[in-house]
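What's counted below: heavy atoms across the whole structure, side chains too, no hydrogens, waters or symmetry copies. Numbers restart at 1 for each chain; the letters A, B, ... are given by sequence-line order, proteins then strands. Treat the numbers as computed from the prediction; the structure is a model and nothing was measured.
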2 protein chains.
Amino acid sequence: MEEVLSERKEKILYAIIQNYLETGEPVGSRTISKYSDLNLSSATIRNEMADLEELGYIVQPHTSAGRIPSDKGYRFYVDRLITEKDQQITDMKEFLEQRTEKMEKVLKKVVKVLATNTEYATVISAPSVVRNRVKFVQLSAVDERQILSVVVMDGNIVRNKMIQVDKPLDNETMLKLNMLLNTNLNGLTVNEINLGLISKMREQAGIHEDIIASVLNTVADTIDPNEELEVYTSGATNVFKYPELASSESAKELISAFEEKEVLADFLNDVQEEEETKGTGIQVYIGGESKMSTMKDCSVVTATYELGDGVKGTIGIIGPKRMDYKKVVENLKNLKSELGKVIDQSEDSNR
Amino acid sequence: MEEVLSERKEKILYAIIQNYLETGEPVGSRTISKYSDLNLSSATIRNEMADLEELGYIVQPHTSAGRIPSDKGYRFYVDRLITEKDQQITDMKEFLEQRTEKMEKVLKKVVKVLATNTEYATVISAPSVVRNRVKFVQLSAVDERQILSVVVMDGNIVRNKMIQVDKPLDNETMLKLNMLLNTNLNGLTVNEINLGLISKMREQAGIHEDIIASVLNTVADTIDPNEELEVYTSGATNVFKYPELASSESAKELISAFEEKEVLADFLNDVQEEEETKGTGIQVYIGGESKMSTMKDCSVVTATYELGDGVKGTIGIIGPKRMDYKKVVENLKNLKSELGKVIDQSEDSNR
DNA sequence: GTTAGCACTCATTCATTTGGAGTGCTAATA
DNA sequence: TATTAGCACTCCAAATGAATGAGTGCTAAC
């Protein structure tokens, strides 16, 4: 697996891939011979290409067609690309930390910008709040039979739940319950709310333990993976721009993945977990490298963003294998400043 | 415009449409001659068909092809279909009124059921709350600089907004503001909150009038059309099942409409308004009849549902012109009982 | 008024042809 | 020994054209 290419082979391979990225057509020896700066005849190129094919970097769709990069070829290209750039985009922190009231809005705008910029399908997952801390809890009696529970997490993520009760609670009890909840839950991550704490709270709540249970459920809902498929998408229809995706049977699968979103959410989750062990900021999945069967004809570039305190989300850009990796990576890099603009705008429009 | 068709012409037209709905292919005179119960030769049918074409009910895609229904032809068919059935599906009230905590969930399930049932693209708008009443307002201090405002509307629609303040408010002021808000806003629809009331409240709030303004903004946001594009979709990829849609250029437009949703939201809004003047429960828009240019190759069947107190939403089912109108209409009729099931399930899964 | 029959029109399908792009190989060249 | 020119060969894609058949419009007969 660890073969070393001669410099000339590398250059040729690079040229082939570059060219294929632009045109989407198989590229022949003559093209390279003219296009590249290493003055070689087509025949020589052909010889080298035969070698590269044997090594598995390029393939021929059919006899007497030009060559196109194999997954291995793309991998070569991408690895070289990524190492050129620095690795992390973890510092949007200062933008979003506490200031924005509606993270949702910002995320929606971000995907849209990315999608129009890159002309690829784009998806972003809202920060997962597994490690997120409870900041504020409150119960309020909406009417005699219904109590509204509001939970605010770090990053101002707000969740509500209506709790039905059989008979009204008096003011004092409400106050007591609120106190109980806040003192016990405040500052905890959802992971830290364990059974011991729960039973302790239930005990203290006395006859109102069912309400406590409901509130805890609300908190749990906040990280419930079903609840948590907060995934925003944009530009799914961009796939139509790339014939090799549009025509393939999988186009509709792709689109439908973008509609249903569960697959995407799962994928982004996986990426994020993987990311935590590897930690290289930007990942590229070429063809089958991502485990999504839907994506076997695509490449996915992912980036993890962080808003401090382990509040992390993931961005994915999905395009054909011949996607413009350079542009995509740069776009993700620029995201930070883009985000700055977006937020300025949204504040303007809030006035 | 008000021509009357002979009974025989009607029968033939009906047969043509019926047949075309099934096959999607242009239908010729011979087919009708054999298929229908009115024993006529193909030649006779041909004569009648020539007449029907002249009258604009059917068209020939090209010389020497069979005939397909024109928009006018579909209209004939649909009108006849709808008048057969009774007209309203306004009574889901008893299901959703106050009981469900997460309307969102139910709606998502409803679209999904409809989409898989009918095999058409489906869209549903969350109840518009223009006429909805404020039930409960509360401000809470989350920390020194931030106040969370929660507004609950009829139907338990909850909205939150973070309000930034320059310096902390003491408990007493909070209490006063809460009182002020609740007594003034409770039971009002958003339309009823007029300038007079606003300035009156601002006055009473004294130095904290900016906070009142923010809360009122939250209430206003609740009906802000931008905010209000609460539209759920499902089955967009069903369009691929119908060649006449999938192949047409507009397929991508359709899909992208389903992704961006704004167009759909606008459309559903229009429908709802129109519905309020006409009030016939089920509407069918054939081709250009809906003002959405994206939909000129489709038909849309819409139905308005009501949860009592003017809390209304709209369902739209989008398919090819040759969609199975009968099935769709019946499906919408059955929605009520479907909804019943859905809600039972969701209550089960809540335990 | 209805029907049979026939000539005519197109879309579609299939096989065939053609052009061209690109390869692999071989022999000549530096 | 590495490079290049040249040529035969392959195969795809687009163009061409013939065959098919569904369907019509018209006319003449019933």
Side-chain angles (χ1 to χ4, degrees), chain A residues 5-13 15-20 22-70 73 243-244 246-248, chain B residues 5-13 15-20 22-70 73 243-244 246-248:
Chain A
L5 296 181
S6 74
E7 187 168 344
R8 194 169 76 176
K9 279 201 175 57
E10 277 202 9
K11 274 189 182 164
I12 292 176
L13 178 52
I16 294 172
I17 297 180
Q18 198 97 40
N19 193 285
Y20 181 68
E22 278 163 32
T23 64
E25 298 292 315
V27 11
S29 51
R30 229 179 95 80
T31 318
I32 300 298
S33 151
K34 278 196 294 186
Y35 160 92
S36 76
D37 44 355
L38 26 81
N39 285 4
L40 291 174
S41 79
S42 63
T44 316
I45 305 285
R46 272 205 290 286
N47 291 331
E48 295 287 44
M49 278 164 96
D51 291 355
L52 284 171
E53 179 159 20
E54 203 169 342
L55 290 169
Y57 287 99
I58 51 181
V59 289
Q60 258 181 316
H62 54 262
T63 340
S64 89
R67 308 301 216 287
I68 64 175
S70 68
E244 67 266 48
S247 62
S248 107
Chain B
L5 297 181
S6 74
E7 188 169 343
R8 195 169 76 177
K9 281 201 175 57
E10 277 201 9
K11 274 190 181 162
I12 291 175
L13 178 52
I16 293 173
I17 297 179
Q18 198 99 37
N19 193 285
Y20 181 68
E22 278 162 33
T23 63
E25 298 293 316
V27 9
S29 52
R30 230 179 95 79
T31 318
I32 300 298
S33 151
K34 279 195 295 186
Y35 161 92
S36 76
D37 46 353
L38 25 81
N39 286 5
L40 291 173
S41 79
S42 63
T44 315
I45 305 286
R46 272 205 289 286
N47 292 330
E48 295 287 44
M49 278 164 95
D51 290 356
L52 284 171
E53 179 160 18
E54 203 168 343
L55 290 169
Y57 287 99
I58 49 182
V59 289
Q60 258 181 314
H62 55 261
T63 339
S64 88
R67 307 303 216 286
I68 63 174
S70 68
E244 66 267 48
S247 61
S248 107

Report the distance from atom [atom1] of [X] to atom [atom2] of [Y], rounding to the nearest 0.5 Å.
{"X": "B:Lys34", "Y": "B:Ser41", "atom1": "NZ", "atom2": "OG", "result": "13.5 Å"}
{"X": "A:Ile16", "Y": "A:Ile45", "atom1": "CD1", "atom2": "CD1", "result": "8.0 Å"}
{"X": "B:Ser33", "Y": "B:Asn39", "atom1": "OG", "atom2": "CG", "result": "8.0 Å"}
{"X": "A:Ser6", "Y": "A:Leu52", "atom1": "OG", "atom2": "CG", "result": "8.0 Å"}
{"X": "B:Ile32", "Y": "B:Thr44", "atom1": "CD1", "atom2": "OG1", "result": "13.0 Å"}

So do [Y] and [X] actually touch side chain to side chain, heavy atoms under 4.5 Å?
{"X": "A:Tyr57", "Y": "A:Lys9", "result": "no"}
{"X": "A:Met49", "Y": "A:Glu53", "result": "no"}
{"X": "A:Arg8", "Y": "A:Leu40", "result": "yes"}

Test of understanding: with salt bridge (Lys or Arg N to Asp or Glu O under 4.0 Å), list the residues that count as partners of B:Glu25, not counting sequence neighbours.
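Expected list: none.
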
For A:Gly56, is there any backbone N or O sitting under 3.5 Å from a side-chain donor or acceptor partner on A:Ser70?
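Looks like yes, one N/O pair under 3.5 Å.
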
Using modelled atom types only, decide if a donor and an acceptor are shared between the side chain of B:Thr23 and the backbone of B:Asn19 within a distance under 3.5 Å.
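Yes: the side chain of B:Thr23 pairs with the backbone of B:Asn19.
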
Passing candidate, side chain to side chain donor-acceptor pair (under 3.5 Å) with A:Ser29, options A:Arg46, A:Arg67, A:Glu48:
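When A:Arg46, A:Arg67, A:Glu48 are each tested with A:Ser29, the side chain to side chain donor-acceptor pair (under 3.5 Å) holds only for A:Arg46.
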
Tabulate atom names and distances for all N/O pairs under 3.5 angstrom spanning the protein and nucleotides 1-4 of chain D.
from, atom 1, to, atom 2, distance (Å)
D:dT3, OP1, A:Arg8, NH1, 2.8
D:dT3, OP2, A:Arg8, NH2, 3.2
D:dT4, OP2, A:Ser41, N, 3.1
D:dT4, OP2, A:Thr44, OG1, 2.6

Considering only heavy atoms, which members of residues 24-34 of chain A lie under 4.0 Å from some atom of DNA chain D?
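Close to the strand, none.
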
Below 4.0 angstrom, which residues in residues 59-67 of chain B have at least one non-hydrogen atom near DNA chain D?
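Result for residues 59-67 of chain B: B:Gln60, B:Ser64, B:Ala65, B:Gly66, B:Arg67, sorted by number.
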
In whole angstroms, how far is the P atom of D:dA5 from the CD1 atom of A:Ile45?
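Nearest whole value for this atom pair: 12 Å.
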
How many whole angstroms separate atom CD1 of A:Ile68 from atom P of D:dC12?
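Atom-to-atom, A:Ile68 to D:dC12, this comes out as 14 Å.
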
Considering residues at least two apart in sequence or located in another chain, which fulfil the side-chain hydrogen bond (donor to acceptor under 3.5 Å, both in side chains) criterion with B:Asn47?
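In terms of side-chain hydrogen bond (donor to acceptor under 3.5 Å, both in side chains), with neighbours along the sequence ignored, B:Asn47 is linked to no residue.
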
Could you tell me from which nucleotide to which nucleotide of DNA chain C, 5' to 3', there is an atom under 4.0 Å from chain B heavy atoms?
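So the outermost contacting nucleotides come out as C:dT2 to C:dA11.
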
